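Keep in mind the model is a prediction, meaning the values are calculated, not measured. Computation of the quantities below employed the complete heavy-atom set of this structure, encompassing side-chain atoms and omitting hydrogens, waters and symmetry-equivalent molecules.
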Amino acid sequence: MLSRQHKLIVMKIVSLFSVVRGYNIPIIILAQYLSAIFILAPEKRALDILLDFYLFLIVFASAITIASGYIINNFYDSQKDLINRPNKSMLDRLVSQKTKLTVYFSLNFMAALMALVVSWRAFLFFSAYIFLIWFYSHKIKKYAIIGNLMAAFMAVLPFFAILLFFYNQVSFEELENHRGHFVVISSHAMFLFLLLLIREMIKDLENLKGDLANNYQTIPVIYNEKVSKQIITVLTFLTVLPVYVLINVYDVGYMDIYFYVCFATMLFFLLYLWKSNSKEQYLMLHNVLKFLIVSGVFCIVLINPNVLWHGKQLISNY
């Protein structure tokens, strides 16, 4: 049996895990490595990518920067979360605000230090990323449209860190040969950006009560739920554009199956959206989007499943 003091320590660890949304961090790390192997550097051996120390520093710096972002976001949203997520908020409050800020600054310092080891460009990138996350949480989040756009943009930024890492190794003369490759990467990023933007707007509908109480100027607060649903509908149909480029212009292997299933799911998503009018219904839609985003990470391997088999051979022969 654990003593009362040990139980309290365990609960505080669980609380901090909840604040940084530790369940998301492994998915982000996996997404970056799979993107590197299957999209950004398909010509390289998977094992070489996995054992690249500087790439590891970039991926780890991205993960802890995002974790620190969740902390500062939780710090500024504490009052709103008491209304929107009372159970989670009570768990999060087991860790003091002072402790949260200490962990926040420590994680940011570690991320900047790791980026500096890679290059001064990586250091500038992560310094700007850390500032943007703070600025968004402190100011921008409360405003309609720009808050949604910035949230989705910052969620995609870690993948640009990986992109810059690989393109920094390409000479200026070789950039022309990578133009088509860059279009594929941009199309994947645009599709993810649109899904994330839709998710942010669903969160605004889900958190309407708390946003009203704390004077957050979101779209459903300024206008109404119908306007939000109309914008979400337009954004959903816009996802067709990057998917068309990926399926019909470039080869994404068997991942086209994911895009077809995703688009069919989004059509049912829209039908349910227009019938929804409660927090529980919006939460269900939010979870559908989270499932599509997470499943999209795992479906990256469908671009070239042979890499998994060859990767297994490489590891066994290494």
Side-chain angles (χ1 to χ4, degrees), residues 21-42 46 49-50 58-59 62-63 66 69-70 148-149 151-163 166 181-203 232-270 272-273 282-308 311:
R21 302 185 192 180
Y23 45 84
N24 283 344
I25 304 303
I27 298 296
I28 292 165
I29 293 172
L30 180 65
Q32 287 182 294
Y33 269 116
L34 289 179
S35 298
I37 293 169
F38 291 92
I39 301 174
L40 297 172
I49 293 174
L50 292 173
I58 291 292
V59 170
S62 299
I66 292 168
Y70 285 133
N148 300 115
L149 289 170
F153 174 69
M154 288 190 302
V156 175
L157 264 183
F159 297 96
F160 282 96
I162 304 295
L163 175 65
F166 282 107
H181 194 194
F182 184 75
V183 173
V184 173
I185 296 165
S186 300
S187 298
H188 278 282
M190 180 55 66
F191 178 75
L192 177 60
F193 173 80
L194 288 170
L195 281 186
L196 290 166
L197 185 54
I198 294 168
R199 191 190 69 164
E200 289 300 319
M201 297 196 68
I202 290 292
K203 283 167 63 178
I232 290 170
T233 301
V234 172
L235 292 173
T236 299
F237 284 108
L238 282 177
T239 60
V240 174
L241 297 178
V243 169
Y244 174 81
V245 172
L246 290 169
I247 292 177
N248 293 292
V249 180
Y250 294 94
D251 182 19
V252 289
Y254 295 106
M255 196 178 179
D256 58 357
I257 298 171
Y258 164 76
F259 289 120
Y260 288 131
V261 172
C262 189
F263 190 66
T265 303
M266 290 302 290
L267 291 178
F268 286 104
F269 170 91
L270 286 179
Y272 191 77
L273 171 68
Y282 292 133
L283 178 60
M284 182 180 293
L285 291 170
H286 183 186
N287 289 332
V288 168
L289 289 172
K290 285 173 69 174
F291 174 77
L292 290 177
I293 293 168
V294 173
S295 60
V297 170
F298 290 97
C299 286
I300 291 175
V301 301
L302 295 176
I303 293 175
N304 185 8
N306 289 329
V307 169
L308 293 177

So for atom OH, which belongs to Tyr254, do other residues, nucleotides or ligands contribute more than 12 heavy atoms lying within a distance under 6.0 Å?
no
Quick check: do Val301 and Met255 have side-chain heavy atoms less than 4.5 Å from each other?
no
Can you tell me how far NE2 of His286 sits from CZ of Phe291, rounded to the nearest 0.5 angstrom?
14.5 Å
Beyond-backbone contact of Asn24 with Tyr70, side-chain heavy atoms, under 4.5 angstrom:
yes
Going through the checks in order, is the side-chain contact (heavy atoms from CB on, under 4.5 Å) test met by Leu289 and Met266?
CA-CA 9 Å; Leu289 289 172; Met266 290 302 290; 3.9 Å; yes
For a quick test of your reading: what N or O donor-acceptor pairs under 3.5 Å do the side chains of residues 26-39 make, sequence neighbours left out?
| from | atom 1 | to | atom 2 | distance (Å) |
| --- | --- | --- | --- | --- |
| Gln32 | NE2 | Ser62 | OG | 3.2 |
| Gln32 | NE2 | Pro158 | O | 3.2 |
| Ser35 | OG | Ala31 | O | 2.7 |

If you round to the nearest 0.5 Å, how far is NZ of Lys290 from CZ of Arg199?
7.0 Å
Distance in Å, Leu273 CG paired with Thr236 OG1, rounded so as to fall on 0.5 Å steps
7.5 Å
Check residues 190-198 and write down every donor-acceptor pair under 3.5 Å in which the side-chain atom is one partner and the other belongs to a residue at least two apart or another chain.
none

Student check: side-chain heavy atoms of Phe263 and Val240 closer than 4.5 Å:
yes
With distance as the sole test, does Tyr244 use its side chain to make a donor-acceptor pair with the main-chain N or O of Thr239 at under 3.5 Å?
no
Heavy-atom distance under 4.5 Å between the side chains of Phe237 and Leu270, does that happen here?
yes
Enter the distance from Leu285:CG to Met201:CE here, rounded to the nearest 0.5 Å.
13.0 Å
Of Leu302, Ile247, Asn248, which meets side chain to side chain contact (heavy atoms under 4.5 Å, CB included) against Asp256?
Ile247
Identify the heavy atoms of Leu292 and Tyr258 that sit nearest to each other, and give their distance.
O-OH, 2.7 Å
Give the intermediate values and the outcome of side-chain contact (heavy atoms from CB on, under 4.5 Å) for residues Leu163 and Phe159.
CA-CA 6 Å; Leu163 175 65; Phe159 297 96; over 6 Å; no
Any side-chain heavy-atom pair from Met154 and Ile66 closer than 4.5 angstrom?
no
